[in-house]
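Just so it is clear: chains get the letters A, B, ... in the order the sequence lines come, proteins before strands, and each one is counted from 1.
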There are 2 protein chains.
Amino acid sequence: MYKPATIKDIALALKLSPSTVSRALRDGYEISTETKKLVMDYAKQVNYKSNPIALSLKNRRSYSIGIVVPKLANSFFSQAIAGIESIAYERGYHTIITQTHDSSERELINVNHLAQRSVDGLLISMSAGTSDYTFLKTLHDDGLPIVFFDRIISEIETFKVTSDNFRGAYNATESLIKAERKKIALLSNAPQLSITNERLAGYMSALADHNIPFKPELIRNCVKGGNDYQEVEDAVKDLLALADKPDAIFISSDRISISCIRALKNLNFDPKEIAIAGFSNSDVVDLLQPSLSYVKQKSFEMGQVAVEMLLRLIESKYPITEFETRILDTELHLIK
Amino acid sequence: MYKPATIKDIALALKLSPSTVSRALRDGYEISTETKKLVMDYAKQVNYKSNPIALSLKNRRSYSIGIVVPKLANSFFSQAIAGIESIAYERGYHTIITQTHDSSERELINVNHLAQRSVDGLLISMSAGTSDYTFLKTLHDDGLPIVFFDRIISEIETFKVTSDNFRGAYNATESLIKAERKKIALLSNAPQLSITNERLAGYMSALADHNIPFKPELIRNCVKGGNDYQEVEDAVKDLLALADKPDAIFISSDRISISCIRALKNLNFDPKEIAIAGFSNSDVVDLLQPSLSYVKQKSFEMGQVAVEMLLRLIESKYPITEFETRILDTELHLIK
DNA sequence: GTTCAAATCGGCAACGATTGCATAAAAATT
DNA sequence: AATTTTTATGCAATCGTTGCCGATTTGAAC
């Protein structure tokens with residue numbers, strides 16, 4: 001049975017009271033130098049480490065923050081987490097990472113687990129499956145600091161950070177137009193996500209600005225967000241079977257972009273026939289064949305911004321009522 | 001300030017004692033039906049959830065397990081984590097994921113944090129940078145259940161699970177030989193890792209079995225394990241500048257495989273001139289150009305096996321002294 | 001010699017939940 | 001009516017730590 005040394009053990013061994021040991025370890029002014037040395041030496045000897053669980057219980061502060069993302073296998077999120085950690089560690093906080101696999105049940109469980117494990121705050125990017133936010137609203141109303149990133153929601157007023165999805169989608173779509181493409185299809189993500197709608201708006205706006213009529217029949221929603229390859233392949237097959245076949249596809253999500261590339265390869269389509277552009281933060285996107293022009297989000301920076309907002313909330317002495325939503329711009333990488 | 005409802009709050013509101021409330025909530029046989037209903041209804045009303053921190057403190061059991069991996073952005077590890085979660089959740093355990101970025105300092109901090117947060121056990125795949133295992137040995141000797149997966153060590157006796165790295169490397173190397181390649185270079189990982197040496201042995205054995213002389217000058221160690229692209233590009237450039245230039249490269253690590261592909265592309269090498277085969281669990285490896293024959297590990301299964309071993313350790317009533325090291329076979333995917 | 005203050009240290013309580021033991025009240029038995 | 005049994009509930013300790021108050025000792029000042 002794993003049982004680390006406690007203050008009581010030290011007190012017993014040294015015939016002191018637990019309070020004295022505690023103060024000696026924290027270098028309290030009321031303890032004599034000899035006692036301090038005695039305690040500290042013995043503590044080192046038995047490898048004493050203060051128990052954060054007991055401290056959490058007493059202080060309701062844990063110096064750890066919870067992270068909830070849909071999928072770690074998604075490069076965007078692992079990059080954002082790296083950004084979060086880079087700041088959090090520096091400021092003395094630990095991170096506890098959980099993933100939901102885009103399931104709202106899992107999300108509910110993970111969030112509650114983190115909240116009850118007394119994390120000091122929560123960084124969350126919403127799952128595609130979630131439409132009921134009351135569990136988050138309850139926690140937030142009870143005073144748990146929460147910051148949303150990337151997949152944000154409007155139902156809760158707090159700090160948020162996301163990408164300029166509108167402009168990213170606009171630019172990518174425009175790049176296809178400038179490459180002489182006229183019939184640009186859209187492979188879209190789950191419709192309840194903020195990013196889905198912003199990207200759709202960017203796509204439509206680019207079409208409008210270039211006097212290309214918007215055709216709803218060129219849009220396919222992949223509600224499983226690329227977690228299900230077959231759904232994407234079916235959508236692609238469907239699009240390419242249209243009488244008025246599209247000559248380009250804009251893909252509004254990372255995982256769907258990958259699946260679309262695979263579908264085009266499996267269906268043996270000529271890359272010249274179909275141009276593709278899409279959102280992707282994959283670190284190998286430049287090595288993929290067929291190749292993809294891609295919109296890259298500033299994932300690492302987004303993680304950093306999010307955690308800085310959260311620490312502001314956590315460490316503020318007075319309740320904060322003025323919130324900000326930061327929008328980070330995106331980078332368009334063209335590939336001929 | 002975030003402050004969820006406690007048993008005391010309920011007791012006060014209902015004019016009962018905390019003990020009665022506790023027993024009513026756990027459906028104790030000694031509590032009258034009316035009292036139970038009263039308590040349960042009120043608990044639901046104020047959204048009462050038992051505080052796992054308090055329980056951890058009392059029971060020294062948290063029903064959560066700690067996971068320590070080098071890098072989440074590495075597909076192998078995110079797949080293994082998914083495997084771990086698939087079993088852990090089913091058995092009522094939570095997971096706490098941390099990454100070390102292959103830094104042994106970070107590893108030490110994360111492991112200690114998890115141990116003190118009273119996880120019931122630890123699943124760990126070692127960082128490339130670690131050579132001193134005393135911190136783990138101390139925890140293990142103190143009774144903390146630990147299971148190693150993938151990057152295992154021999155210094156601590158416990159359950160372990162890894163891939164058949166020898167055979168994977170052997171088969172991949174042999175496939176290059178069968179494709180008429182005679183001068184096969186090796187891009188290798190950090191030498192203190194178990195997997196590095198096993199894969200090196202497989203490579204050498206395949207050469208020997210086919211009467212190809214082993215040439216040390218064809219081996220390059222990338223000690224940063226592909227975390228540093230430049231290191232890999234330099235190694236590749238160096239190999240291709242040899243007078244007796246290799247006609248194939250076997251790459252013994254996931255991240256290095258990707259970097260090597262990028263290097264070959266950046267250096268504009270003719271794919272026909274250099275055949276490559278390597279370990280990779282990337283989910284887009286089949287879409288990469290130049291293409292790669294790859295050895296895929298059973299990552300998901302490995303996570304499942306590891307967590308099952310850990311739960312055996314955790315839930316065993318008596319100390320376990322007979323340990324097992326499971327070896328999972330690998331899959332070779334050939335690409336012409 | 002008396003009073004007071006500083007220097008050290010111990011004891012108690014509390015954080016939230018559980019549980020063995022004791023106790024109270026009500027019901028059943030004699 | 002007295003006693004036992006059943007039923008329901010409260011008390012106190014526990015986990016590890018720390019804040020607060022009180023106690024003791026020592027020395028100095030008057």
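Atom C1' of nucleotide D:dT7 and atom CD1 of B:I31 are separated by 10 Å, given to the nearest angstrom. Rounding to whole angstrom units, CG of residue B:L38 and C1' of D:dA8 are separated by 14 Å. If you measure from atom CG of B:N59 to atom P of C:dA17, you get 12 Å, rounded to the nearest angstrom. Atom-to-atom, CD1 of A:I10 to C1' of D:dT17 comes out at 12 Å; the value is rounded to the nearest Å. In this entry the distance linking CG of A:N51 with P of C:dC15 reads 18 Å, nearest Å. Residue B:D9 contributes atom CG, which lies 7 Å from atom P of C:dG16 at whole-angstrom precision. The separation between A:R61 atom CZ and C:dA14 atom P is 24 Å, rounded to whole Å. The distance from atom CD of A:E30 to atom P of C:dC9 is 10 Å, rounded to the nearest whole Å.
Phosphate contact (OP1/OP2 of C:dC15, side-chain N/O of A:R60, threshold under 4.0 Å): absent. Proximity of A:R23 to the phosphate of D:dT17: no side-chain N or O atom is located under 4.0 Å from OP1 or OP2. Residue A:S22 has no polar side-chain atom (N or O) positioned under 4.0 Å from OP1 or OP2 of D:dG16. OP1 or OP2 of D:dT9 has at least one side-chain nitrogen or oxygen of B:T35 nearer than 4.0 Å. Residue A:S17 places at least one side-chain N or O closer than 4.0 Å to OP1 or OP2 of C:dG10. The phosphate of C:dC15 has OP1 or OP2 within less than 4.0 Å of a side-chain N or O from B:K8.
Counted by atom type alone, B:S75 and B:S78 present zero donor-acceptor pairs between their side chains at under 3.5 Å. Looking only at atom types and distance, the side chain of B:E85 has a donor-acceptor partner in the side chain of A:H101 under 3.5 Å away.
Electrostatic pairing of A:R91 and A:E315 counts as a salt bridge here, judged by a charged N lying under 4.0 Å from a carboxylate O. A salt bridge is defined here as a Lys NZ or Arg NE, NH1 or NH2 lying under 4.0 Å from an Asp or Glu carboxylate O, and A:K71 with A:D102 fails to meet this definition.
As judged by a 4.0 angstrom heavy-atom cut-off over every strand, B:L16 is placed among residues touching the sugar-phosphate backbone only. B:K36 comes within 4.0 angstrom of no nucleic acid atom, judged by non-hydrogen atoms across all strands. When heavy atoms are screened at a 4.0 angstrom cut-off, A:K15 is found touching the sugar-phosphate backbone but no base atom.
Remark on DNA chain D: of its neighbouring residues B:K58 and B:Y29, the 5'-side contact belongs to B:Y29, judged by nearest-heavy-atom nucleotide. Toward the 5' end of DNA chain C, the nearer of the two residues A:P18 and A:T33, judged by each one's closest nucleotide, is A:T33.
Taking only distance into account, the side chain of A:S19 meets the base of C:dG11 through a donor-acceptor pair shorter than 3.5 Å.
Proximity note for A:I7 (side chain, C-beta onward) versus D:dT9, C:dT18, D:dT17: the nearest is D:dT17. When distances run from any side-chain atom of A:L57 to the nucleotides D:dA8, C:dC9, C:dC15, the shortest one goes to C:dC15.
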- Message: Between A:M302 and A:F76, does the side-chain contact (heavy atoms from CB on, under 4.5 Å) criterion hold? Intermediate values first, please.
- Response: CA-CA 10 Å; A:M302 194 184 291; A:F76 172 79; 3.8 Å; yes
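Taking the side chain as every heavy atom from C-beta outward, B:V68 and B:L114 approach each other to under 4.5 Å.
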